[in-house]
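Heads up, the thing below is written out as structure tokens.
Predicted model only: the values in this text are computed from it and were never measured. Note that ligands are numbered from 1 as they come in the structure, with each ligand's atoms numbered from 1 the same way. Atom set for the values below is all heavy atoms of this structure, side chains included, hydrogens, waters and symmetry mates excluded.
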Amino acid sequence: MTFDGKNDFMLKIEHIGIAVKDLEASNKLFGQLLGSPHYKVESVASENVDTSFFQIGASKIELLHATNAESAIAKFIDKKGEGIHHIAFAVEDIEKEVERLKNEGFQAISDKPKPGADNKLVFFFHPKSTNGVLIELCQEMK
Ligand code: ZN
């Protein structure tokens, strides 16, 4: 693959997801770090998480907090502690990108894109196939 400076597949790093134990404390901490407060808090009941978002230029920081022990975030923190949980890339056409990455041999975590936080369709690829980094694709829902 040659690189001409443009990328038709991944538009940008949409956000970096960070697993935290105490959302209120971390909202304060990241507000201090970034110099501006979070602009929204959103619960994703299907994933058992509360999220909060900070805007950094064209990208965001998404804090992830488990709402119960079944949450993937609770399991992540048990295993690895707080820290970077995933990197999310914005894509134009999530179905197409999911197909492309599956064909490239990346290990999908679910069958189909589904609604996530921040009005996005989301899909995840397993860290086993991506050097230990959980990868999220996300597409704005229209
Ligand atoms: Zn995310």
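The two residues Pro113 and Ile94 make their nearest non-hydrogen contact at CG-CG2, 3.8 Å.
Residue side and main chain included, His85 places no N/O/S atom under 2.8 Å of the Zn ion (ligand 1). Among the backbone and side-chain atoms of Glu62, an N, O or S atom lies under 2.8 Å from the Zn ion (ligand 1). Distances from the Zn ion (ligand 1) show that His86 has an N/O/S atom below 2.8 Å. The nearest N, O or S atom of Glu136 is closer to the Zn ion (ligand 1) than 2.8 Å.
With sequence neighbours excluded, the residues that form a ring-ring contact (aromatic ring centres under 6.0 Å, His included) with His38 are Phe54.
Between the side chains of Thr67 and Asp50, no donor N or O sits under 3.5 Å from an acceptor N or O. Under 3.5 Å, the side chains of His85 and Glu62 contain no donor-acceptor pair of N or O atoms.
Within His15, the N, O or S atom at minimum distance from the Zn ion (ligand 1) carries the name NE2.
Note on ring orientation: taking the six-membered ring where Trp is involved, the planes of His86 and His15 are perpendicular (angle over 60°, cut-offs 30° and 60°).
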